[in-house]
A.B. asks: 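Mind having a look at this structure? Questions to follow.
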Protein chains: 2
Amino acid sequence: MREGPDIARIASLVGDPARANMLNALMGGTALTASELALEAGVSLPTASSHLSKLMEGGLLTLASQGRHRYYGLAGPQVAGMIEAITGVAEAVGPKRVRPGPRDGAMRVARVCYDHLAGEQAVAMLDRLVARDILLRDDQEIRLGPSAASHFSAIGIDVGAKPRRPVCRACLDWSVRRSHLAGTLGAAILDKILAEKWARREKDSRAVVFSPPGKQAFERVFLA
Amino acid sequence: MREGPDIARIASLVGDPARANMLNALMGGTALTASELALEAGVSLPTASSHLSKLMEGGLLTLASQGRHRYYGLAGPQVAGMIEAITGVAEAVGPKRVRPGPRDGAMRVARVCYDHLAGEQAVAMLDRLVARDILLRDDQEIRLGPSAASHFSAIGIDVGAKPRRPVCRACLDWSVRRSHLAGTLGAAILDKILAEKWARREKDSRAVVFSPPGKQAFERVFLA
DNA sequence: CGCATAGTTCGGTCTCCATCGAAGCATTCT
DNA sequence: AGAATGCTTCGATGGAGACCGAACTATGCG
(Lines give C-alpha, C1' and ligand atoms only; values in the text may rest on other atoms or scores of the structure.)
Protein backbone atom coordinates (compact mmCIF):
# COMPACT_ATOMS: atom_id res chain seq x y z
CA MET A 1 0.00 0.00 0.00
CA ARG A 2 1.81 3.07 -1.18
CA GLU A 3 0.79 6.65 -1.73
CA GLY A 4 2.51 8.62 -4.50
CA PRO A 5 0.83 9.99 -7.60
CA ASP A 6 -2.45 8.29 -8.33
CA ILE A 7 -1.59 6.42 -11.48
CA ALA A 8 -4.64 4.16 -11.26
CA ARG A 9 -6.92 7.17 -11.50
CA ILE A 10 -5.29 8.38 -14.70
CA ALA A 11 -5.00 4.93 -16.22
CA SER A 12 -8.62 4.09 -15.49
CA LEU A 13 -9.67 7.22 -17.34
CA VAL A 14 -7.92 5.89 -20.41
CA GLY A 15 -9.07 2.38 -19.61
CA ASP A 16 -12.63 2.77 -20.78
CA PRO A 17 -13.08 1.95 -24.48
CA ALA A 18 -15.28 4.95 -25.18
CA ARG A 19 -12.86 7.37 -23.55
CA ALA A 20 -9.87 5.69 -25.20
CA ASN A 21 -11.49 6.21 -28.58
CA MET A 22 -12.08 9.85 -27.79
CA LEU A 23 -8.50 10.38 -26.69
CA ASN A 24 -7.29 8.59 -29.77
CA ALA A 25 -9.36 10.87 -31.93
CA LEU A 26 -7.97 13.90 -30.15
CA MET A 27 -4.45 12.65 -30.83
CA GLY A 28 -5.21 13.96 -34.29
CA GLY A 29 -4.49 17.35 -32.76
CA THR A 30 -7.63 19.19 -33.73
CA ALA A 31 -10.05 19.95 -30.94
CA LEU A 32 -13.45 18.33 -31.41
CA THR A 33 -16.97 18.95 -30.18
CA ALA A 34 -18.88 16.64 -27.89
CA SER A 35 -21.07 15.34 -30.71
CA GLU A 36 -18.12 14.56 -32.93
CA LEU A 37 -16.49 12.69 -30.09
CA ALA A 38 -19.70 10.82 -29.33
CA LEU A 39 -19.78 9.65 -32.95
CA GLU A 40 -16.11 8.73 -32.80
CA ALA A 41 -16.56 6.69 -29.65
CA GLY A 42 -19.80 5.10 -30.78
CA VAL A 43 -21.87 6.22 -27.80
CA SER A 44 -24.83 8.50 -27.29
CA LEU A 45 -24.40 12.17 -26.61
CA PRO A 46 -25.26 12.03 -22.92
CA THR A 47 -22.80 9.21 -22.39
CA ALA A 48 -20.10 11.11 -24.23
CA SER A 49 -20.79 14.20 -22.20
CA SER A 50 -20.38 12.24 -18.99
CA HIS A 51 -17.08 10.82 -20.20
CA LEU A 52 -15.87 14.23 -21.20
CA SER A 53 -16.56 15.75 -17.83
CA LYS A 54 -14.62 12.91 -16.23
CA LEU A 55 -11.68 13.46 -18.53
CA MET A 56 -11.83 17.17 -17.77
CA GLU A 57 -11.91 16.56 -14.06
CA GLY A 58 -8.95 14.22 -14.45
CA GLY A 59 -7.03 17.01 -16.14
CA LEU A 60 -6.52 15.21 -19.42
CA LEU A 61 -8.50 17.63 -21.55
CA THR A 62 -8.86 21.34 -22.10
CA LEU A 63 -12.03 23.06 -23.11
CA ALA A 64 -12.43 26.05 -25.40
CA SER A 65 -15.91 27.52 -25.66
CA GLN A 66 -16.72 29.32 -28.86
CA GLY A 67 -20.28 30.47 -29.05
CA ARG A 68 -22.51 27.49 -28.73
CA HIS A 69 -19.70 25.14 -29.64
CA ARG A 70 -17.45 23.63 -27.03
CA TYR A 71 -14.19 22.28 -28.33
CA TYR A 72 -12.36 19.60 -26.38
CA GLY A 73 -8.66 19.04 -26.89
CA LEU A 74 -5.82 17.18 -25.25
CA ALA A 75 -4.46 19.00 -22.21
CA GLY A 76 -0.89 19.03 -23.47
CA PRO A 77 2.10 17.24 -24.93
CA GLN A 78 2.68 15.25 -21.78
CA VAL A 79 -0.75 13.68 -22.06
CA ALA A 80 -0.12 12.98 -25.73
CA GLY A 81 3.19 11.37 -24.82
CA MET A 82 1.51 9.13 -22.28
CA ILE A 83 -1.01 7.95 -24.84
CA GLU A 84 1.76 7.22 -27.29
CA ALA A 85 3.51 5.17 -24.62
CA ILE A 86 0.40 3.15 -23.90
CA THR A 87 -0.15 2.69 -27.63
CA GLY A 88 3.37 1.36 -27.92
CA VAL A 89 2.75 -1.31 -25.31
CA ALA A 90 -0.64 -2.23 -26.73
CA GLU A 91 0.98 -2.57 -30.12
CA ALA A 92 3.74 -4.78 -28.73
CA VAL A 93 1.67 -7.14 -26.63
CA GLY A 94 -1.51 -6.98 -28.65
CA PRO A 95 -2.61 -9.68 -31.02
CA LYS A 96 -0.23 -9.37 -33.94
CA ARG A 97 -2.38 -8.76 -36.93
CA VAL A 98 -1.27 -11.27 -39.51
CA ARG A 99 -1.36 -8.86 -42.37
CA PRO A 100 -1.02 -5.24 -41.36
CA GLY A 101 -3.48 -3.18 -43.35
CA PRO A 102 -2.30 -0.51 -45.78
CA ARG A 103 -3.36 2.26 -43.44
CA ASP A 104 -1.16 0.69 -40.79
CA GLY A 105 1.87 1.17 -43.00
CA ALA A 106 0.86 4.73 -43.82
CA MET A 107 0.67 5.48 -40.10
CA ARG A 108 4.24 4.32 -39.67
CA VAL A 109 5.48 6.54 -42.47
CA ALA A 110 3.77 9.75 -41.40
CA ARG A 111 0.99 10.65 -39.02
CA VAL A 112 -0.23 13.49 -36.88
CA CYS A 113 0.88 13.42 -33.26
CA TYR A 114 -1.16 15.95 -31.30
CA ASP A 115 -0.19 19.00 -33.33
CA HIS A 116 2.91 17.97 -35.22
CA LEU A 117 4.21 15.32 -37.60
CA ALA A 118 5.32 11.88 -36.41
CA GLY A 119 6.50 8.68 -38.08
CA GLU A 120 9.51 7.77 -40.16
CA GLN A 121 9.41 10.97 -42.16
CA ALA A 122 9.34 13.10 -39.04
CA VAL A 123 12.17 11.21 -37.38
CA ALA A 124 14.28 11.54 -40.52
CA MET A 125 13.52 15.24 -40.66
CA LEU A 126 14.68 15.91 -37.12
CA ASP A 127 17.83 13.86 -37.67
CA ARG A 128 18.65 15.86 -40.75
CA LEU A 129 17.93 19.26 -39.18
CA VAL A 130 20.22 18.41 -36.30
CA ALA A 131 22.92 17.08 -38.61
CA ARG A 132 22.86 20.34 -40.54
CA ASP A 133 23.10 22.33 -37.29
CA ILE A 134 19.87 24.13 -38.09
CA LEU A 135 18.64 22.77 -34.78
CA LEU A 136 20.84 22.08 -31.78
CA ARG A 137 19.89 19.08 -29.75
CA ASP A 138 20.63 18.46 -26.11
CA ASP A 139 18.66 15.42 -25.04
CA GLN A 140 14.97 16.30 -24.81
CA GLU A 141 15.72 19.94 -25.29
CA ILE A 142 16.07 21.33 -28.77
CA ARG A 143 17.19 24.86 -29.53
CA LEU A 144 17.39 26.88 -32.69
CA GLY A 145 20.76 26.97 -34.40
CA PRO A 146 22.29 30.15 -35.82
CA SER A 147 20.98 29.51 -39.31
CA ALA A 148 17.52 28.48 -38.14
CA ALA A 149 15.84 31.86 -38.53
CA SER A 150 16.94 32.36 -42.12
CA HIS A 151 16.32 28.77 -43.08
CA PHE A 152 12.77 28.70 -41.81
CA SER A 153 11.79 32.20 -42.85
CA ALA A 154 12.82 31.27 -46.40
CA ILE A 155 9.96 28.80 -46.41
CA GLY A 156 7.55 31.07 -44.66
CA ILE A 157 7.89 29.97 -41.06
CA ASP A 158 8.66 32.65 -38.54
CA VAL A 159 10.65 31.42 -35.57
CA GLY A 160 11.49 34.89 -34.31
CA ALA A 161 8.46 35.51 -32.14
CA LYS A 162 9.15 33.68 -28.92
CA PRO A 163 5.95 32.41 -27.38
CA ARG A 164 5.86 31.14 -23.85
CA ARG A 165 5.66 27.54 -24.99
CA PRO A 166 9.03 26.15 -26.07
CA VAL A 167 9.61 26.42 -29.79
CA CYS A 168 11.06 22.96 -30.07
CA ARG A 169 10.70 19.80 -28.12
CA ALA A 170 11.62 16.19 -28.66
CA CYS A 171 8.74 13.73 -28.74
CA LEU A 172 9.24 9.97 -28.68
CA ASP A 173 7.80 8.15 -31.65
CA TRP A 174 6.00 4.92 -30.78
CA SER A 175 6.52 3.24 -34.11
CA VAL A 176 10.14 4.19 -34.78
CA ARG A 177 11.18 4.42 -31.11
CA ARG A 178 13.22 7.54 -31.80
CA SER A 179 12.42 11.21 -31.31
CA HIS A 180 10.75 13.59 -33.66
CA LEU A 181 10.20 17.32 -33.49
CA ALA A 182 7.33 18.71 -31.42
CA GLY A 183 6.70 22.20 -30.02
CA THR A 184 5.48 25.22 -31.92
CA LEU A 185 8.06 24.72 -34.65
CA GLY A 186 6.89 21.14 -35.14
CA ALA A 187 3.34 22.39 -35.31
CA ALA A 188 4.26 25.13 -37.79
CA ILE A 189 5.98 22.64 -40.06
CA LEU A 190 2.94 20.38 -40.08
CA ASP A 191 0.77 23.37 -40.94
CA LYS A 192 3.11 24.20 -43.78
CA ILE A 193 3.00 20.67 -45.15
CA LEU A 194 -0.78 20.65 -45.19
CA ALA A 195 -1.12 24.24 -46.42
CA GLU A 196 1.18 23.55 -49.36
CA LYS A 197 -0.82 20.39 -50.02
CA TRP A 198 2.34 18.32 -49.98
CA ALA A 199 0.29 15.81 -48.06
CA ARG A 200 -3.30 15.30 -47.01
CA ARG A 201 -4.76 13.78 -43.89
CA GLU A 202 -6.39 10.40 -44.31
CA LYS A 203 -10.08 10.61 -43.44
CA ASP A 204 -10.86 9.43 -39.90
CA SER A 205 -7.26 8.55 -39.19
CA ARG A 206 -4.08 10.08 -37.96
CA ALA A 207 -2.27 8.99 -41.11
CA VAL A 208 -0.73 11.64 -43.32
CA VAL A 209 -0.21 10.72 -46.96
CA PHE A 210 2.28 12.56 -49.13
CA SER A 211 1.65 13.03 -52.81
CA PRO A 212 4.65 12.13 -55.02
CA PRO A 213 5.50 15.78 -55.85
CA GLY A 214 4.72 16.78 -52.27
CA LYS A 215 7.14 14.21 -50.98
CA GLN A 216 9.83 15.54 -53.29
CA ALA A 217 9.22 19.08 -52.09
CA PHE A 218 9.34 17.96 -48.47
CA GLU A 219 12.59 16.13 -49.01
CA ARG A 220 14.11 19.05 -50.85
CA VAL A 221 13.33 21.42 -48.01
CA PHE A 222 13.88 19.25 -44.95
CA LEU A 223 15.95 16.25 -45.94
CA ALA A 224 18.45 17.92 -48.29
CA MET B 1 -15.11 3.93 -33.76
CA ARG B 2 -11.59 3.01 -34.70
CA GLU B 3 -9.57 -0.17 -34.56
CA GLY B 4 -5.83 0.01 -33.99
CA PRO B 5 -4.00 -1.26 -30.93
CA ASP B 6 -6.27 -1.80 -27.98
CA ILE B 7 -5.06 0.90 -25.65
CA ALA B 8 -8.14 0.72 -23.42
CA ARG B 9 -7.34 -2.88 -22.59
CA ILE B 10 -3.83 -2.03 -21.45
CA ALA B 11 -4.85 1.13 -19.63
CA SER B 12 -7.66 -0.60 -17.78
CA LEU B 13 -5.18 -3.17 -16.53
CA VAL B 14 -3.22 -0.35 -14.93
CA GLY B 15 -6.42 1.42 -13.98
CA ASP B 16 -7.31 -0.74 -11.02
CA PRO B 17 -5.79 0.49 -7.75
CA ALA B 18 -4.67 -2.95 -6.62
CA ARG B 19 -2.97 -3.70 -9.92
CA ALA B 20 -1.44 -0.23 -10.06
CA ASN B 21 0.10 -0.79 -6.65
CA MET B 22 1.52 -4.10 -7.79
CA LEU B 23 3.03 -2.58 -10.92
CA ASN B 24 4.42 0.25 -8.88
CA ALA B 25 6.06 -2.21 -6.53
CA LEU B 26 7.52 -4.09 -9.48
CA MET B 27 8.98 -0.84 -10.80
CA GLY B 28 11.51 -1.48 -8.05
CA GLY B 29 13.00 -3.97 -10.49
CA THR B 30 13.05 -7.04 -8.29
CA ALA B 31 10.57 -9.77 -9.08
CA LEU B 32 8.13 -10.50 -6.27
CA THR B 33 5.93 -13.39 -5.24
CA ALA B 34 2.15 -13.36 -5.24
CA SER B 35 1.94 -13.01 -1.47
CA GLU B 36 4.35 -10.09 -1.37
CA LEU B 37 2.34 -8.38 -4.07
CA ALA B 38 -0.90 -9.08 -2.25
CA LEU B 39 0.52 -7.38 0.82
CA GLU B 40 1.78 -4.49 -1.28
CA ALA B 41 -1.60 -3.99 -2.89
CA GLY B 42 -3.55 -4.47 0.30
CA VAL B 43 -5.74 -7.29 -0.96
CA SER B 44 -6.19 -10.94 -0.10
CA LEU B 45 -4.15 -13.62 -1.77
CA PRO B 46 -6.94 -14.93 -4.00
CA THR B 47 -7.68 -11.43 -5.21
CA ALA B 48 -4.03 -10.79 -5.93
CA SER B 49 -3.75 -14.04 -7.79
CA SER B 50 -6.66 -13.08 -9.99
CA HIS B 51 -5.10 -9.71 -10.73
CA LEU B 52 -1.78 -11.31 -11.53
CA SER B 53 -3.28 -13.67 -14.05
CA LYS B 54 -4.96 -10.74 -15.74
CA LEU B 55 -1.71 -8.84 -15.91
CA MET B 56 -0.01 -11.92 -17.30
CA GLU B 57 -2.67 -12.39 -19.92
CA GLY B 58 -2.32 -8.75 -20.84
CA GLY B 59 1.40 -9.27 -21.42
CA LEU B 60 2.55 -6.82 -18.80
CA LEU B 61 4.30 -9.35 -16.58
CA THR B 62 6.70 -12.24 -16.84
CA LEU B 63 6.71 -15.23 -14.57
CA ALA B 64 9.67 -17.21 -13.28
CA SER B 65 8.89 -20.37 -11.33
CA GLN B 66 11.46 -21.50 -8.81
CA GLY B 67 10.37 -24.46 -6.78
CA ARG B 68 7.21 -23.57 -4.99
CA HIS B 69 7.86 -19.86 -5.46
CA ARG B 70 6.57 -17.99 -8.44
CA TYR B 71 8.25 -14.67 -9.10
CA TYR B 72 6.40 -12.02 -11.05
CA GLY B 73 8.29 -9.23 -12.77
CA LEU B 74 7.64 -6.48 -15.30
CA ALA B 75 7.61 -7.76 -18.86
CA GLY B 76 10.21 -5.28 -20.08
CA PRO B 77 11.55 -1.76 -20.36
CA GLN B 78 8.72 -0.67 -22.61
CA VAL B 79 6.18 -1.50 -19.94
CA ALA B 80 8.30 0.31 -17.38
CA GLY B 81 8.47 3.31 -19.67
CA MET B 82 4.72 3.37 -20.04
CA ILE B 83 4.24 3.36 -16.28
CA GLU B 84 6.72 6.19 -15.93
CA ALA B 85 4.77 8.16 -18.52
CA ILE B 86 1.48 7.62 -16.67
CA THR B 87 3.18 8.54 -13.42
CA GLY B 88 4.37 11.76 -14.99
CA VAL B 89 0.85 12.76 -15.96
CA ALA B 90 -0.59 11.74 -12.60
CA GLU B 91 2.09 13.80 -10.94
CA ALA B 92 1.32 16.81 -13.12
CA VAL B 93 -2.46 16.83 -12.88
CA GLY B 94 -2.79 15.26 -9.48
CA PRO B 95 -3.63 17.22 -6.37
CA LYS B 96 -0.49 19.21 -5.69
CA ARG B 97 0.59 18.18 -2.27
CA VAL B 98 1.23 21.39 -0.38
CA ARG B 99 4.36 20.17 1.27
CA PRO B 100 6.09 17.37 -0.56
CA GLY B 101 7.26 14.78 1.95
CA PRO B 102 10.94 14.06 2.45
CA ARG B 103 10.71 10.77 0.64
CA ASP B 104 9.28 12.64 -2.31
CA GLY B 105 12.46 14.66 -2.55
CA ALA B 106 14.60 11.57 -2.21
CA MET B 107 12.73 10.00 -5.12
CA ARG B 108 13.60 12.99 -7.28
CA VAL B 109 17.28 12.74 -6.43
CA ALA B 110 17.73 9.03 -7.04
CA ARG B 111 15.43 6.06 -7.40
CA VAL B 112 15.26 2.67 -9.02
CA CYS B 113 13.60 2.53 -12.43
CA TYR B 114 12.94 -1.10 -13.32
CA ASP B 115 16.56 -2.27 -13.13
CA HIS B 116 18.62 0.89 -13.29
CA LEU B 117 19.08 4.24 -11.59
CA ALA B 118 16.80 7.20 -12.30
CA GLY B 119 16.45 10.73 -10.93
CA GLU B 120 18.68 13.79 -10.91
CA GLN B 121 21.79 11.79 -10.11
CA ALA B 122 21.19 9.41 -12.99
CA VAL B 123 20.47 12.19 -15.46
CA ALA B 124 23.63 14.01 -14.41
CA MET B 125 25.61 10.80 -14.79
CA LEU B 126 24.48 10.18 -18.34
CA ASP B 127 25.15 13.81 -19.27
CA ARG B 128 28.65 13.56 -17.92
CA LEU B 129 29.44 10.21 -19.55
CA VAL B 130 28.34 11.58 -22.89
CA ALA B 131 30.28 14.82 -22.41
CA ARG B 132 33.41 12.80 -21.73
CA ASP B 133 32.82 10.70 -24.86
CA ILE B 134 32.76 7.55 -22.78
CA LEU B 135 29.31 7.00 -24.23
CA LEU B 136 28.20 8.18 -27.65
CA ARG B 137 24.65 9.32 -27.87
CA ASP B 138 22.46 9.37 -30.92
CA ASP B 139 18.94 10.13 -29.81
CA GLN B 140 17.47 7.14 -28.01
CA GLU B 141 20.39 5.01 -29.01
CA ILE B 142 23.52 5.03 -26.91
CA ARG B 143 26.72 3.29 -27.91
CA LEU B 144 29.96 2.66 -26.12
CA GLY B 145 32.76 5.10 -26.84
CA PRO B 146 36.35 4.03 -27.48
CA SER B 147 37.39 4.51 -23.87
CA ALA B 148 34.29 2.85 -22.43
CA ALA B 149 35.75 -0.63 -22.00
CA SER B 150 38.78 0.52 -20.04
CA HIS B 151 36.80 3.06 -18.01
CA PHE B 152 34.19 0.60 -16.86
CA SER B 153 36.49 -2.38 -16.38
CA ALA B 154 38.55 -0.20 -14.05
CA ILE B 155 35.59 -0.15 -11.71
CA GLY B 156 34.73 -3.77 -12.19
CA ILE B 157 32.05 -3.58 -14.85
CA ASP B 158 32.58 -5.69 -17.94
CA VAL B 159 31.05 -4.24 -21.06
CA GLY B 160 32.84 -6.59 -23.41
CA ALA B 161 30.41 -9.46 -23.47
CA LYS B 162 27.67 -8.43 -25.87
CA PRO B 163 24.35 -9.82 -24.81
CA ARG B 164 21.40 -9.74 -27.16
CA ARG B 165 19.76 -6.95 -25.24
CA PRO B 166 21.28 -3.55 -26.02
CA VAL B 167 23.97 -2.53 -23.58
CA CYS B 168 22.75 1.01 -23.35
CA ARG B 169 19.43 2.68 -23.82
CA ALA B 170 18.01 6.07 -23.05
CA CYS B 171 15.07 6.14 -20.65
CA LEU B 172 12.99 9.24 -20.04
CA ASP B 173 12.92 10.42 -16.46
CA TRP B 174 9.50 11.49 -15.25
CA SER B 175 10.76 13.87 -12.60
CA VAL B 176 13.57 15.58 -14.48
CA ARG B 177 12.03 15.17 -17.95
CA ARG B 178 15.39 14.28 -19.42
CA SER B 179 16.94 10.92 -20.26
CA HIS B 180 18.97 8.67 -18.06
CA LEU B 181 20.89 5.49 -18.80
CA ALA B 182 19.04 2.18 -19.01
CA GLY B 183 20.04 -1.14 -20.59
CA THR B 184 22.41 -3.71 -19.19
CA LEU B 185 25.05 -1.07 -18.51
CA GLY B 186 22.56 0.98 -16.53
CA ALA B 187 21.62 -2.13 -14.60
CA ALA B 188 25.27 -3.01 -13.94
CA ILE B 189 25.97 0.47 -12.61
CA LEU B 190 23.05 0.26 -10.21
CA ASP B 191 24.29 -3.11 -9.02
CA LYS B 192 27.71 -1.58 -8.46
CA ILE B 193 26.28 1.30 -6.44
CA LEU B 194 24.37 -1.02 -4.16
CA ALA B 195 27.16 -3.62 -3.93
CA GLU B 196 29.68 -0.98 -2.89
CA LYS B 197 27.12 0.30 -0.40
CA TRP B 198 27.42 3.80 -1.81
CA ALA B 199 23.68 3.94 -1.38
CA ARG B 200 20.91 1.86 0.09
CA ARG B 201 17.34 1.33 -1.01
CA GLU B 202 14.69 2.96 1.09
CA LYS B 203 12.41 0.32 2.61
CA ASP B 204 9.15 -0.12 0.67
CA SER B 205 10.02 2.59 -1.80
CA ARG B 206 11.86 3.11 -5.04
CA ALA B 207 14.00 5.80 -3.46
CA VAL B 208 17.75 5.30 -3.35
CA VAL B 209 19.62 7.18 -0.67
CA PHE B 210 23.33 7.87 -0.97
CA SER B 211 25.53 8.00 2.11
CA PRO B 212 27.82 11.05 2.23
CA PRO B 213 30.99 9.06 1.44
CA GLY B 214 29.04 6.98 -1.06
CA LYS B 215 27.92 10.08 -2.87
CA GLN B 216 31.51 11.31 -3.03
CA ALA B 217 32.65 8.00 -4.45
CA PHE B 218 29.85 8.04 -7.02
CA GLU B 219 30.69 11.56 -8.09
CA ARG B 220 34.39 10.78 -8.32
CA VAL B 221 33.73 7.84 -10.61
CA PHE B 222 30.83 9.08 -12.73
CA LEU B 223 30.63 12.84 -12.46
CA ALA B 224 34.34 13.70 -12.56
C1' DC C 1 4.07 -40.34 4.40
C1' DG C 2 1.74 -36.66 6.90
C1' DC C 3 2.13 -31.71 7.74
C1' DA C 4 3.10 -26.97 6.41
C1' DT C 5 3.54 -23.38 3.08
C1' DA C 6 2.67 -21.12 -1.55
C1' DG C 7 -0.58 -20.51 -4.89
C1' DT C 8 -4.81 -21.08 -7.83
C1' DT C 9 -9.74 -21.97 -8.69
C1' DC C 10 -14.57 -21.65 -7.47
C1' DG C 11 -18.91 -19.60 -6.02
C1' DG C 12 -21.34 -15.93 -4.37
C1' DT C 13 -21.97 -11.05 -2.97
C1' DC C 14 -21.80 -6.35 -3.63
C1' DT C 15 -20.46 -2.06 -5.44
C1' DC C 16 -19.41 0.80 -9.12
C1' DC C 17 -20.15 2.79 -13.41
C1' DA C 18 -21.30 2.82 -18.43
C1' DT C 19 -25.34 3.40 -20.76
C1' DC C 20 -29.53 5.63 -22.57
C1' DG C 21 -34.16 8.38 -22.76
C1' DA C 22 -36.17 12.38 -21.26
C1' DA C 23 -35.97 16.77 -19.61
C1' DG C 24 -33.48 21.09 -18.84
C1' DC C 25 -30.23 24.95 -20.06
C1' DA C 26 -27.72 27.94 -23.25
C1' DT C 27 -26.67 30.11 -27.57
C1' DT C 28 -27.70 31.45 -32.15
C1' DC C 29 -30.79 32.25 -36.10
C1' DT C 30 -34.97 34.20 -38.07
C1' DA D 1 -40.15 36.36 -29.29
C1' DG D 2 -40.02 31.80 -30.95
C1' DA D 3 -37.69 27.97 -33.02
C1' DA D 4 -33.64 25.26 -33.65
C1' DT D 5 -29.28 23.46 -32.41
C1' DG D 6 -25.57 21.90 -29.18
C1' DC D 7 -24.78 20.19 -24.93
C1' DT D 8 -25.45 18.88 -19.97
C1' DT D 9 -28.02 16.97 -16.04
C1' DC D 10 -31.19 13.60 -14.04
C1' DG D 11 -32.98 9.12 -13.06
C1' DA D 12 -33.23 4.39 -13.82
C1' DT D 13 -31.25 0.04 -15.44
C1' DG D 14 -28.08 -3.50 -16.29
C1' DG D 15 -23.73 -5.67 -16.47
C1' DA D 16 -18.97 -6.11 -15.41
C1' DG D 17 -15.64 -7.02 -12.18
C1' DA D 18 -13.33 -6.53 -7.53
C1' DC D 19 -13.50 -8.88 -3.52
C1' DC D 20 -13.29 -12.63 -0.04
C1' DG D 21 -13.84 -17.45 2.22
C1' DA D 22 -13.48 -22.03 1.34
C1' DA D 23 -11.94 -25.74 -1.14
C1' DC D 24 -8.37 -27.58 -4.11
C1' DT D 25 -3.46 -28.36 -6.12
C1' DA D 26 1.47 -28.34 -5.80
C1' DT D 27 5.94 -28.18 -3.71
C1' DG D 28 9.03 -28.79 0.16
C1' DC D 29 10.23 -30.60 4.95
C1' DG D 30 10.83 -33.93 8.66
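Chain identifiers are assigned alphabetically (A, B, ...) following the order of the sequence lines, protein sequences preceding nucleic acid strands; residue numbering begins at 1 within each chain.
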A.B. asks: Output all residues satisfying side chain to side chain contact (heavy atoms under 4.5 Å, CB included) with A:Val14, sequence neighbours left out; order by chain, then residue number.
C.D. replies: A:Leu23, A:Leu60, A:Met82, A:Ile86, B:Ile7, B:Ala11
A.B. asks: Along DNA chain D, 5' to 3', what are the outermost nucleotides having an atom less than 4.0 Å from a heavy atom of chain B?
C.D. replies: D:dA18 to D:dG28
A.B. asks: Who pairs with B:Ala38 by side chain to side chain contact (heavy atoms under 4.5 Å, CB included), at least two apart in sequence or on another chain?
C.D. replies: B:Ala48
A.B. asks: Whole angstroms only, please: what is the CE-P distance between B:Met22 and C:dG7?
C.D. replies: 12 Å
A.B. asks: Sort out for me which residue in A:Leu181, A:Leu194, A:Leu117 forms a side-chain contact (heavy atoms from CB on, under 4.5 Å) with A:Ile189.
C.D. replies: A:Leu181
A.B. asks: Expressed in angstrom and rounded to an integer, what is the separation of A:Leu39 atom CG from C:dC20 atom P?
C.D. replies: 13 Å
A.B. asks: If the cut-off is 4.0 Å, is B:Arg70 near the phosphate of C:dT8, judged by side-chain N/O to OP1 or OP2?
C.D. replies: yes
A.B. asks: Measuring to OP1 and OP2 of C:dA18, would you say a side-chain N or O of A:Lys54 lies under 4.0 angstrom away?
C.D. replies: yes
A.B. asks: Nearest whole angstrom, please: distance from the C1' of C:dA6 to the OH of B:Tyr72.
C.D. replies: 11 Å
A.B. asks: Can you run down the salt bridge (charged side-chain N to carboxylate O under 4.0 Å, His left out) pairs that involve residues 12-25 of chain A, sequence neighbours left out, and say none if there aren't any?
C.D. replies: none
A.B. asks: Can you sort out the partners of A:Ser44 under side-chain hydrogen bond (donor to acceptor under 3.5 Å, both in side chains), two or more places apart, ordered by chain and number?
C.D. replies: A:Thr47
A.B. asks: Scan for salt bridge (charged side-chain N to carboxylate O under 4.0 Å, His left out) pairs involving residues 42-58 of chain A, sequence neighbours excluded, and state none if there are none.
C.D. replies: none
A.B. asks: Using five base pairs at each end to define the local axes, how bent is the helix from C:dC1-D:dG30 to C:dT30-D:dA1, to the nearest 10°?
C.D. replies: 20°
A.B. asks: Considering only heavy atoms from C-beta outward, does the side chain of B:Leu37 approach that of B:Leu26 to under 4.5 Å?
C.D. replies: yes
A.B. asks: side-chain hydrogen bond (donor to acceptor under 3.5 Å, both in side chains) with A:Ser12: which residues, sequence neighbours excluded?
C.D. replies: none
A.B. asks: For residues 43-53 of chain B, which residues have at least one heavy atom under 4.0 Å from DNA chain C?
C.D. replies: B:Leu45, B:Pro46, B:Ser49
A.B. asks: For B:Lys192, which residues count as a side-chain hydrogen bond (donor to acceptor under 3.5 Å, both in side chains) partner, sequence neighbours excluded?
C.D. replies: B:Glu196
A.B. asks: Would you check if A:Val109 and A:Gln121 make a side-chain contact, meaning some heavy-atom pair closer than 4.5 Å?
C.D. replies: yes
A.B. asks: Are B:Tyr71 and C:dA6 close enough that a side-chain N or O sits under 4.0 Å from OP1 or OP2?
C.D. replies: no
A.B. asks: Identify which one of A:Val112, A:Leu190, A:Val209 satisfies the side-chain contact (heavy atoms from CB on, under 4.5 Å) criterion when paired with A:Arg201.
C.D. replies: A:Val112
A.B. asks: For B:Phe218, enumerate each residue passing the ring pair (Phe, Tyr, Trp, His ring centres under 6.0 Å) test, keeping only those at least two apart in sequence or located in another chain.
C.D. replies: B:Phe210, B:Phe222
A.B. asks: With the side chain counted from C-beta on, respond yes when A:Leu52 and A:Met22 share a heavy-atom pair under 4.5 Å apart, and no when they do not.
C.D. replies: yes
A.B. asks: Contacts to DNA chain C from residues 11-19 of chain A, heavy-atom cutoff under 4.0 Å, which residues?
C.D. replies: A:Asp16, A:Ala18, A:Arg19
